[in-house]
Amino acid sequence: MDFQQIEKKWQERWKEDRVFEPKVDKDKEKFFITVPYPYMSGSLHIGHGRTFTIGDIIARFKRLEGYNVLFPMAFHVTGTPVLAIADAIRAGDDKVISLYRDYVGIYEDDEKKIEEILHSFKNPENIARYFADKVIRDFISMGYSIDWRRKFHTAEPIYNKFVEWQFKKLYGKGVIKRGKYPITYSPVDGNPVGEDDIEDGDVNKVTIMEFTAIKFEFGDGFLVAATLRPETIFGVTNLWINPNGEYCKIHVNGEKWYVSKEAAEKLRYQKEKIEMGRCLSGTYFIGKFAKEPVNSRKIPILPAEFVDVDNATGVVYSVPAHAPYDYQALADLQKNEEYLRKFGLNPQDVKKIELIKIIDIEGYEMPARDICEKMKIENQKDPQLEEATQIIYKDEFYSGILNEKCGEFAGMKIGEIKDEVKNWLRTTGKADVFYETSRKAVTRNGHKVIVAVLQDQWFIDYSQEWWKELGHRATSRMIFYPEKYRDMMHDIIDWLDKRPCARKRGLGTKFPWDREWMIESLSDSTIYMAFYTIAHIIREENITAERLKEELFDYVFLGKGDSKDISEKTGIPKEVVERMRDEFLYWYPNDLRHTAPAHMSNHLAFFIMHHVAIFPEEHWPGGISLNGLMIREGAKISKSKGNVIPLAHISERYGVDLFRLYCATAADLDTVMDWKESEVSSLRKRFQRIVAIIEESVNSREIDKLNHYDRWLLSRFYKRYKESVELMKNFRIRDATLNMMFHFVNDIKQYEKYVGKERRRRIIRKILEDWLLMMSPVVPHITEEFWHRLGHDSYISLEKLREAKMEYVDERVEMEMDYVDSLIEDIKEILEVTKLKPKGVYIYTSPAWMKEVVKKISDASPKDAMRIAMSVDIPVNKGEIAKFVKRVLKEKIKYMNIEELEVLKREKEYIEKEIGAKIFINSDYDPKGKKKIAVPFKPAIYIEG
RNA sequence: GCGGGGGUUGCCGAGCCAGGUCAAAGGCGGUGGACUCAAGAUCCACUCCCGUAGGGGUUCGAGAGUUCGAAUCUCUCCCCCCGCACCA
């Protein structure tokens with residue numbers, strides 16, 4: 001069977017006949033499913049494929065359930081990545097160029113053409129256009145049932161108009177604000193930099209650290225020392241200055257600060273008004289004194305070469321009791337008189353410096369000293385100091401308590417009081433803020449990255465109570481699968497705060513009130529599902545962006561105003577305006593959004609929040625379903641690991657239906673799925689077996705006269721069918737698919753044991769259509785193929801599920817066969833254990849009264865069982881009954897509504913075939929006296945060897 | 001830090017939410033057999049331990065508890081993983 005050719009054939013037919021382009025049909029219930037649009041910075045791989053595939057399976061199942069399903073798709077290009085790629089290609093960055101050469105190579109064979117395309121990537125729009133085009137191709141090749149009429153990308157003018165509208169609505173709610181905000185920045189480029197602009201930014205993330213810059217009085221100004229542990233200020237003993245560094249005086253908000261030259265440079269980007277003063281060598285400060293801000297103690301300024309002038313302010317205050325670095329540096333200094341004299345310091349003075357302990361913590365006398373001694377740290381260059389610092393920090397943070405030296409903070413746990421100390425220092429003017437990158441970073445061009453503070457950053461303020469309340473309400477009412485994500489979403493909504501929503505660079509939509517800014521990529525992708533409902537009309541009617549006025553969207557999405565006015569205002573015909581409104585009203589809300597859990601705390605939270613802010617309640621999101629990551633052979637799939645399988649190769653390498661089947665069955669939805677070649681090939685074999693079974697039945701005549709084996713199989717099938725429908729409805733795609741395909745195949749095998757292969761073809765033919773329908777969401781191509789081979793003109797992709805034929809469910813015949821098969825198992829086990837070669841097998845059923853008793857007590861509680869049994873009118877002595885009842889309870893014998901003797905006689909031949917020996921039922925021959933151990937539904941067995 | 005999720009028989013991984021029918025699905029791997037000149041593919045059987053009668057024993061991170069009964073519920077401990085503000 002040529003799977004590839006079958007896939008292609010049906011994909012083309014679906015496209016030709018516009019099978020997945022649903023129309024508004026008010027008589028039909030709709031279902032609107034979305035999966036977030038992919039980002040266009042490259043091609044997609046099997047990892048992405050899992051999410052889109054699950055989305056498609058759900059969409060197809062909903063169609064099967066009879067819904068009018070809309071599954072649209074678009075492309076995301078907002079932000080800097082595409083820009084950064086174009087920049088890198090233009091700059092001749094080899095790494096990026098070879099990466100994109102590989103990407104393009106997935107689709108093109110001709111070397112010359114590849115280079116040509118690569119060349120065109122110097123323009124970011126071409127990157128977006130190229131990959132959007134390929135993603136469409138890939139998605140079609142995956143059999144996704146997407147309505148492509150509605151596609152767009154996020155840098156298109158019509159979309160920009162929509163996003164502008166969204167922001168105007170948010171502005172009207174009072175949630176768009178401006179304020180200060182720290183960002184990573186390149187002074188050389190004069191630009192903010194994102195992860196994509198930073199060298200190794202993707203593997204070694206750069207975050208922004210907020211230091212507390214504490215002001216120590218010095219001369220006419222302050223030496224400003226930055227720290228991440230402001231609570232230790234109470235234990236300061238001295239300042240550290242790097243004697244090899246250069247320190248400058250700067251004017252900040254009317255104050256004079258002394259910081260390293262490098263820090264002064266950074267502060268220019270962090271403070272509003274900065275004036276540079278003159279610079280001095282670090283040695284100038286050494287030996288002088290400064291005053292600490294809390295108690296105005298005079299503390300000495302000492303030399304320390306471990307101080308990095310390019311980290312924070314280049315001035316460090318020393319807390320030797322609690323900071324291992326400080327402790328060790330001080331100890332080194334106290335030992336090195338010669339060095340001290342070099343700076344004109346009196347060694348005796350330095351030796352007099354005592355540790356000031358300000359934190360009480362169990363297990364430590366003097367924390368920094370204890371750990372340095374314990375770890376046998378020799379000097380301040382010892383690399384173990386970093387680890388020592390970590391250990392002390394963690395211990396003190398969780399179990400340290402500030403002591404009496406800490407004023408109003410005495411007796412408090414560090415973890416609880418840290419921020420309060422910080423705020424106290426800042427609000428009393430003893431300290432300020434200094435931002436620093438978490439590591440030394442440079443841009444891809446090698447330019448230094450620092451932290452700058454934007455003075456007029458645009459924010460969305462999620463912190464407002466009314467808004468969170470609406471968000472919670474929506475979250476409570478939505479469907480979440482898996483359910484656990486509902487609670488998580490509540491937590492996230494509580495945690496949401498102000499969030500910057502615009503950047504200075506990137507593709508996308510310009511900020512409506514400030515064209516210098518671009519709306520950032522997560523903020524422009526929150527309610528665009530609404531745009532899908534009208535995107536195709538905008539295209540069909542050739543409506544230009546200028547016509548997409550605020551009033552039009554107000555009418556279409558919010559029902560404000562009337563169509564006649566809007567038609568006049570925009571020049572769009574009234575019927576078209578009304579059609580847009582109709583289309584929106586029909587499809588909205590978005591019933592299900594399917595994606596990966598990584599989006600919870602950003603995209604999905606904004607998706608909910610923006611909807612509740614802008615739309616009336618009936619248009620709030622209906623649900624969220626999530627699936628876990630896909631990894632490959634135990635490793636994360638990534639370009640750098642070189643283990644990427646592009647979506648474009650699936651059809652050829654594996655077959656699309658097989659891939660989809662793997663996505664459906666290889667792992668539960670919310671767990672990580674491992675793509676393993678060995679598992680894929682084993683799945684292929686099992687899948688092919690099913691295909692073969694179907695193929696053999698397609699041309700068979702349906703069975704007419706059913707025997708009890710047939711009834712057994714039909715019963716199993718329709719039970720599974722019904723279960724599977726329920727499972728699918730509850731997003732249990734894996735269980736449903738396993739049940740419908742592999743568990744049912746086990747039934748078929750069992751059936752073949754009963755009656756052989758020939759009859760199987762005709763019995764399968766009888767259930768074939770129902771079977772194909774149930775499998776079609778997961779393996780749409782092969783089922784479509786067989787559907788048509790069965791003579792249908794309709795598409796299985798648009799068919800409706802049939803009611804399970806429960807009249808075929810026959811508990812009795814299933815119980816009978818269970819009974820027979822467990823008897824065979826028992827006989828086989830005895831043979832196994834005894835190693836007997838059976839000459840004859842004797843089977844003895846229990847006396848009839850026993851069955852009577854079991855029936856009577858089967859539903860009774862163990863307590864009542866005895867009493868009930870005794871009341872049964874049977875001619876057997878009570879002692880024997882009591883003994884038997886105890887056995888029933890102990891062995892948990894369950895009542896079955898079957899006639900054992902009849903069944904045994906009927907299945908005699910089958911049993912004999914299975915065990916390879918003659919059987920004798922209820923013979924008088926009983927040499928070992930086995931007969932008496934028979935109980936109902938578990939006959940006694942004697943094997944003559 | 002904040003939030004979430006886990007630890008199951010050689011491995012991966014179900015089951016645990018609704019305790020018993022769980023020695024615990026399925027796959028992979030392994031062993032044996034059929035087929036074959038042979039290998040591969042395929043198919044069948046077995047795969048915790050013991051057992052010459054359908055049975056018994058010991059298991060589900062560690063420990064304690066609830067219960068007639070716990071992989072499943074409660075508590076404590078140990079270990080692992082994931083997401084978190086501009087990054088899409």
Side-chain angles (χ1 to χ4, degrees), chain A residues 36-41 76-82 181-184 192 194-198 201-202 205-208 394 397-398 415 418-419 457 459-460 462 482-485 487-492 494-503 506 520-523 525 596-603 605-606 628-629 633-634 665-668 670-674 676-683 685-686 688-689 734-735 738-739 742-743 746 749 822-836 862-863 889 891-894 928 930 933 938-943 945:
Chain A
Y37 42 35
Y39 196 78
M40 288 301 106
S41 57
H76 200 198
V77 301
T78 308
T80 50
V82 169
Y181 196 72
I183 53 157
T184 45
E195 194 177 290
D196 316 288
D197 306 309
I198 295 172
D202 47 342
K205 234 182 125 159
V206 175
T207 56
I208 292 172
K394 204 178 151 207
F397 187 84
Y398 290 111
K418 196 180 170 82
D419 283 347
Q457 171 71 51
F459 291 93
I460 297 175
Y462 291 105
E483 177 63 37
K484 68 180 181 196
Y485 288 105
D487 285 343
M488 210 195 272
M489 184 54 80
H490 281 301
D491 287 339
I492 289 164
D494 282 334
W495 159 89
L496 283 174
D497 197 3
K498 284 197 188 66
R499 181 177 194 283
C501 62
R503 304 191 63 185
E520 160 285 331
S521 64
L522 282 163
S523 307
S525 311
H599 290 133
M600 280 292 290
S601 60
N602 42 50
H603 169 68
F606 305 149
L629 270 188
E633 311 291 347
T665 59
D668 271 352
D670 63 328
T671 60
V672 173
M673 170 174 285
D674 196 354
K676 292 189 196 168
E677 289 299 328
S678 64
E679 304 258 352
V680 175
S681 33
S682 125
L683 185 71
K685 284 171 215 156
R686 294 193 290 153
Q688 281 171 345
R689 192 180 307 159
R734 177 173 191 259
D735 293 329
L738 289 177
N739 196 27
F742 304 119
H743 296 166
N746 288 341
K749 274 193 203 165
S822 78
L823 175 65
I824 291 169
E825 233 172 84
D826 282 349
I827 295 169
K828 281 184 176 169
E829 190 173 347
I830 295 166
L831 289 174
E832 166 94 25
V833 171
T834 59
K835 312 268 187 285
L836 288 171
K863 263 190 279 173
L889 295 176
E891 293 179 19
K892 293 172 189 124
I893 297 168
K894 290 262 155 46
K928 288 275 171 72
K930 295 284 180 188
I933 66 167
K938 197 171 173 66
I941 299 162
Y942 168 69
I943 297 175

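Below, read A as the first sequence line, B as the second, and so on, with proteins coming before strands; counting in each chain starts at 1.
Under the rule for a salt bridge (charged side-chain N to carboxylate O under 4.0 Å, His left out), A/Lys749 has no partner lying at least two apart in sequence or in another chain. Under the salt bridge (charged side-chain N to carboxylate O under 4.0 Å, His left out) criterion, A/Lys930 pairs with no residue, sequence neighbours left out. Partners of A/Phe606 according to the ring-ring contact (aromatic ring centres under 6.0 Å, His included) rule, which considers only residues two or more places apart in sequence or in another chain, are A/Tyr462.
The residue A/Met488 sits close only to the backbone: its heavy atoms come under 4.0 Å of sugar-phosphate atoms, none of a base. Using a 4.0 Å heavy-atom cutoff across all strands shown, A/Thr665 reaches no nucleic acid atom at all. Across all strands shown, A/Ile933 has heavy atoms under 4.0 Å from base atoms, whether or not it also approaches the sugar-phosphate. Nucleic acid contact for A/Phe742: none, since no nucleic acid atom lies under 4.0 Å from a heavy atom of the residue. Among the heavy atoms of the strands, none lies under 4.0 Å from A/Pro597. At a threshold of 4.0 angstrom between heavy atoms, the contacts of A/His599 with the nucleic acid are absent. Residue contacts shown for A/Ala666 are absent, as no nucleic acid heavy atom lies under 4.0 Å away. Looking at heavy-atom distances under 4.0 Å, A/Pro939 makes contact with a base. At the heavy-atom level, A/Tyr485 lies nowhere under 4.0 Å from the strands shown.
Between A/Thr671 and B/A14, a side-chain N or O to OP1/OP2 separation shorter than 4.0 Å is present. At least one side-chain nitrogen or oxygen of A/Lys938 sits closer than 4.0 Å to the OP1 or OP2 atom of B/G55. For B/A88, the OP1/OP2 oxygens have a side-chain nitrogen or oxygen of A/Thr80 closer than 4.0 Å.
Within a 6.0 Å radius of CD in A/Glu832, no more than 12 heavy atoms belonging to other residues, nucleotides or ligands are found.
Annotation: of the two residues near RNA chain B, A/Ala598 and A/Ile492, the 5′-most nearest-nucleotide partner is A/Ile492. RNA chain B is contacted by both A/Ala940 and A/Ser681; A/Ser681 maps to the nucleotide lying nearer its 5′ end (nearest heavy atom per residue).
Spacing between B/G69 and B/U59 at atom P, rounded to whole Å, works out to 16 Å. For the C1' atom pair drawn from B/A71 and B/G15, the interatomic distance equals 8 Å after rounding to whole Å. Across the C1' atoms, B/U74 and B/A23 are found 26 Å apart, a figure rounded to whole Å. Look at the P atom in both B/C16 and B/A64: the space between them is 26 Å, to the nearest Å. Taking atom C1' on both nucleotides, B/C82 is separated from B/G32 by 43 Å, rounded to a whole Å. With both ends at atom C1', the span from B/G65 to B/C11 equals 34 Å, rounded to whole Å. As rounded to the nearest Å, B/G57 and B/G63 have C1' atoms that lie 23 Å from one another. Only the P atoms considered, B/C28 is 14 Å distant from B/A45, to the nearest whole Å.
Between the side chain of A/Asp491 and the base of B/G3, no donor-acceptor pair of N or O atoms lies under 3.5 Å.
Distance, A/Asp735 CG to B/G13 C1': 13 Å, rounded to whole Å. At whole-Å resolution of the value, CZ in A/Arg689 and C1' in B/U42 are 9 Å apart. One atom, CE of A/Met489, and another, P of B/C84, lie 14 Å apart when rounded to the nearest Å. Distance NE2 (A/His490) to P (B/G4): 13 Å, rounded to an integer number of Å. For the pair A/Lys828 NZ and B/C46 C1', the interatomic distance rounds to 13 Å; values are reported in whole Å. Remark: P of B/C87 and NE2 of A/His76 are 14 Å apart, rounded to the nearest angstrom. Protein atom CD1 of A/Ile830 is 4 Å distant from nucleotide atom C1' of B/G54, rounded to whole Å.
Counting only heavy atoms from C-beta outward, the side chains of A/Thr834 and A/Ile943 never approach each other to under 4.5 Å. Between A/Glu679 and A/Leu683 the shortest side-chain heavy-atom distance does not fall below 4.5 Å. The shortest side-chain heavy-atom distance between A/Ser521 and A/His76 falls under the 4.5 Å cut-off.
If you check B/U36 for Watson-Crick or wobble pairing at under 3.5 angstrom, you find it has no partner at all. Nucleotide B/C73 forms a Watson-Crick or G-U wobble pair with B/G65, both donor-acceptor distances falling under 3.5 Å. Look at B/G26: its Watson-Crick or wobble partner, with both distances under 3.5 angstrom, is B/C12. Using Watson-Crick or G-U wobble geometry with both donor-acceptor distances under 3.5 Å, B/C84 finds its partner in B/G1.
With distances taken from any side-chain atom of A/Ile943 to the nucleotides B/C87, B/A53, B/G54, the minimum falls on B/A53. Out of B/C44, B/A88, B/A85, the shortest distance to the side chain of A/Asp497 is found at B/A85. Listed nucleotides: B/C87, B/G3, B/C84. Nearest to the side chain of A/Trp495: B/C84. With B/A53, B/G54, B/G83 as the candidates, the nucleotide lying closest to the side chain of A/Leu823 is B/G54.
A donor-acceptor pair under 3.5 Å is absent between the side-chain atoms of A/Ser525 and the main chain of A/Leu522, judged by distance alone. Checked by atom type and distance alone, the side chain of A/Ser681 pairs as donor or acceptor with a backbone atom of A/Glu677 at under 3.5 Å.
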Nucleotide N/O of nucleotides 17-25 of chain B paired with protein N/O under 3.5 Å:
none

Dump every N/O contact between nucleotides 27-29 of chain B and the protein below 3.5 Å, one line per pair.
from  : atom 1 : to       : atom 2 : distance (Å)
B/G27 : O3'    : A/Ser682 : OG     : 2.9
B/G27 : O2'    : A/Glu679 : OE1    : 2.7
B/C28 : OP1    : A/Ser682 : OG     : 3.1

Pairwise N/O distances under 3.5 Å, protein to nucleotides 48-52 of chain B:
from  : atom 1 : to       : atom 2 : distance (Å)
B/U52 : O4'    : A/Val833 : O      : 3.3

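The two residues A/Pro500 and A/Gln457 come nearest to each other via the heavy atoms CB-NE2, 3.4 Å.
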